[in-house]
Q: 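One structure follows; several queries about it will come next.
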2 protein chains.
Amino acid sequence: MASASVKDVAALAQVSVGTVSNVLNRPDIVSPETVERVQLAMEKLSYVRNEAARQLRLGHSQAIGLISFSGANPFFTDMAAAAENTASEAGYEVIIGNSNERSEREAGYLNLFEELRVRGVLLSPVGDVAPRLRRMRERDIPVVLVDRESSDSSFSSVSVDDVAGGALATQHLIDTGRTRLLFVGGPAGIQQVGDRLAGARSVVDQHPGVTLEVLFGESLTVFEGRRIGRIVADRAPADRPDAVFAANDLLAIGLLQSLFIDGKPAVPDQIALVGYDDILFAEASVVPLTSVRQPSRLIGETAVQILLEEADDRSLEPRHIRYQPELVVRESTTPR
Amino acid sequence: MASASVKDVAALAQVSVGTVSNVLNRPDIVSPETVERVQLAMEKLSYVRNEAARQLRLGHSQAIGLISFSGANPFFTDMAAAAENTASEAGYEVIIGNSNERSEREAGYLNLFEELRVRGVLLSPVGDVAPRLRRMRERDIPVVLVDRESSDSSFSSVSVDDVAGGALATQHLIDTGRTRLLFVGGPAGIQQVGDRLAGARSVVDQHPGVTLEVLFGESLTVFEGRRIGRIVADRAPADRPDAVFAANDLLAIGLLQSLFIDGKPAVPDQIALVGYDDILFAEASVVPLTSVRQPSRLIGETAVQILLEEADDRSLEPRHIRYQPELVVRESTTPR
DNA sequence: CTGAAAGCGCTAACAG
DNA sequence: CTGTTAGCGCTTTCAG
């Protein structure tokens, strides 16, 4: 049996297709009896609306495209979940594509989203997207930049102040009496990591007795954290830092697992440890981890709101929202 | 500027829309010069095909719906990723919905998938889906059951032998000299957990000297594992098991974190520990975890293949594929 | 090999 | 309040 269409419903309910459409989209302008009769017919035929036809007629879909650059990062998962909720309340769904930091995959999804005629896209740009963005603009597809600011600021953006976050973590370490700090980052070139480091530097520079060493790993993963931790643990005592600031929690958790000195955990007594993102595992790890929390859910919600407003009114000026991170103190930075 | 359509392309290339469509779908039957001329025109207008229109004409979309029952479970994430790859090679995309074990959400996604006229759906059923499945069948939408077998076996399924997995883990514990076993499960009613326990029981029953205690937690999470671990660690030595089989790795990792006896880790010397799923964290945890690995990627690939075959030929008999799990031995079960 | 034309299911404008 | 109708962009016969 093929799916029933509005025509079939109309025939069974003895009304016209226009009325069926009205029952679907503006039930208030249809008389109650008619509404009921039509709904009964729909049920009888187990009618389901054909989204493709609707979309074709409307000119755009009821979907928002979201391109994240790391599917494994809980920060993004959270943000995406919040975006989905907000969008869903407004009758939209969110389609997610993971670029995994590859600019060709980013381009691929941008393309797919265009074919799908999405209502707008939420993007954490990786490569040089300026030309693509220009095209989106020509097409009247609104774009909101997430977690990274646009270079030309002609697109709205929702981000978090990573410089402030880096400063927050560093100030806390110094406040708890640490003086030989180590920053552990991911591959150079990730803007967020650079910003967090810049924040750390600015604070260290104001404290004459404090030093800051920097170590860049290959990736922001638990494995890499373990590897770096082992290197640090193997150093001579005088060369070891007394505090480590990891660019994200995955890295920090890896460090935590391998920072053992003379067979005993070095955190927090010998080495204080701060992570970034405050993922669920941060609280659940062997030594609960102090971390810098980003308002991931709020970011997702705000980004969708702005996007939908711009979709409704293409003449809106771009807006730039920047949230402040927050320090969550746990045992991994307990003062000696 | 509105998006260019086949009409615009046809006009610019001085051909008919039919030819443009042919260039798009069967370029081989069009003369090379014409193809080139049309492609040039497409580029000039930066034409992108309208999926909605295409879909309307074709009668179905190029998407497969996937309903998983836990977005946080790495087993599903892996399976979904494999499904996406396989689907993508065949020109399909996968739309994912998380039911989170809630049957009304499951119904919601099933509905959405119908509206979207998906080519088929991959489903790990939660509630009583029999009536819905019947409807899908009437609509000629193929369904493949994943990780759970259908009660009436009239739908194809791809699953893993959880009874065998439970037996595998248990046999290994006994082989390494353990005799007082404890099974830690999640909420009753989850079929997989029940099957793993049944497997464990069957092996224990064949070994007279071995006992099996069973503890059911509230959920299959790290937190719950930590809670249960603390309870076990606090028992009198004589009451403590010498081996624990956890129904999944999250639980096992929680247990690992809290199974400390006299301030020292109890695993693996005093208590051997086996998990299930072999998630990434299993290898990366403080004591690398022995675990039962499911061929998650293979499941995703197979399920998509079967689905697509059935979509092409609705007269195919349902097939039932059942994979065998595999034991991955690591330090958490090192013999004393 | 190419062109013309029908029609997929829906919504919105307009007429009654 | 309800009915009629045009047309969204595409693919696919069917003729040429």
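Predicted, not measured: the structure shown is a model, and the values here were computed from it.
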Q: After noting the C-alpha distance and the side-chain angles of M79(A) and L66(A), does the key distance pass the side-chain contact (heavy atoms from CB on, under 4.5 Å) rule?
A: CA-CA 10 Å; M79(A) 194 201 75; L66(A) 165 62; 4.0 Å; yes
Q: Please check if atom CZ in R314(A) has more than 12 non-hydrogen atoms from other residues, nucleotides or ligands closer than 6.0 Å.
A: yes
Q: Name the nucleic acid region contacted by G59(A), choosing base, sugar-phosphate or nothing; use a 4.0 angstrom heavy-atom cut-off, strictly under.
A: nothing
Q: Want to know the stems of DNA chain C: at least 3 consecutive Watson-Crick or G-U pairs with distances under 3.5 Å, which are they?
A: C:1-16 with D:1-16
Q: Under 4.0 Å between a side-chain N/O of T34(A) and OP1 or OP2 of dC1(D), yes or no?
A: no
Q: Is there a donor-acceptor pair closer than 3.5 Å between any side-chain N or O of D8(B) and the backbone N or O of S5(B)?
A: yes
Q: State plainly whether the residues E309(B) and R319(B) are in salt-bridge range, i.e. N to O under 4.0 Å.
A: yes
Q: Judged by each residue's nearest nucleotide on DNA chain D, which is more toward the 5′ side, R26(B) or A52(B)?
A: A52(B)
Q: For E115(B) and dG9(C), what is the distance between atoms CD and C1' respectively, to the nearest whole Å?
A: 13 Å
Q: Rounded to whole angstrom units, what separation is found between the CG atom of L56(B) and the P atom of dT12(D)?
A: 13 Å
Q: Atom CZ of R37(A) to atom P of dC1(D): distance rounded to whole Å?
A: 14 Å
Q: If you look at every strand shown and take non-hydrogen atoms under 4.0 Å, does V15(A) touch a base, only sugar-phosphate, or nothing?
A: sugar-phosphate
Q: Could you give me the CA-CA distance, side-chain angles and deciding distance for R135(B) and E114(B), then say whether side-chain contact (heavy atoms from CB on, under 4.5 Å) is met?
A: CA-CA 10 Å; R135(B) 192 165 129 185; E114(B) 271 195 73; 3.3 Å; yes
Q: With a 4.0 Å cut-off on N to O distance, would you call R54(A) and E51(A) a salt bridge?
A: yes
Q: How close or far is atom P of dC10(D) from atom CZ of R117(A), stated in whole angstroms?
A: 7 Å
Q: State whether the number of non-hydrogen atoms from other residues, nucleotides or ligands found under 6.0 Å of E115(B) atom CD is greater than 12.
A: yes
Q: Rounded to whole angstroms, how far apart are CD1 on I29(A) and P on dT11(C)?
A: 13 Å
Q: L45(A) has an atom CG; how far is it from atom C1' of dG9(C), in whole Å?
A: 15 Å
Q: Would you kindly give the CG-to-P distance between N22(A) and dC1(D), to the nearest whole Å?
A: 11 Å
Q: Side chain of Y47(B), heavy atoms from C-beta onward: which of dC10(D), dT2(C), dC8(D) has the nearest atom to it?
A: dC10(D)
Q: If the cut-off is 4.0 Å, is N50(B) near the phosphate of dC10(D), judged by side-chain N/O to OP1 or OP2?
A: no
Q: Verify the neighbour count for atom CD of E36(B): are there more than 12 heavy atoms of other residues, nucleotides or ligands below 6.0 Å?
A: no
Q: Hey, is the side chain of S5(A) poking within less than 4.0 Å of OP1 or OP2 on dC8(C), counting only N and O atoms?
A: no
Q: For DNA chain C, whose closest nucleotide is more 5', that of D28(B) or that of E51(A)?
A: D28(B)
Q: Please figure out whether R57(B) or T19(B) has its closest DNA chain C nucleotide nearer the 5' end.
A: T19(B)
Q: Taking any heavy-atom pair under 4.0 Å as a contact, classify S21(B): base, sugar-phosphate, or nothing.
A: base
Q: Report the nucleotide, chosen from dT11(D), dG9(D), dT2(D), that has the shortest atom-to-atom distance to any side-chain atom of S31(A).
A: dT2(D)
Q: Roughly, in whole Å, what's the span from CD in Q55(B) to C1' in dT11(D)?
A: 14 Å
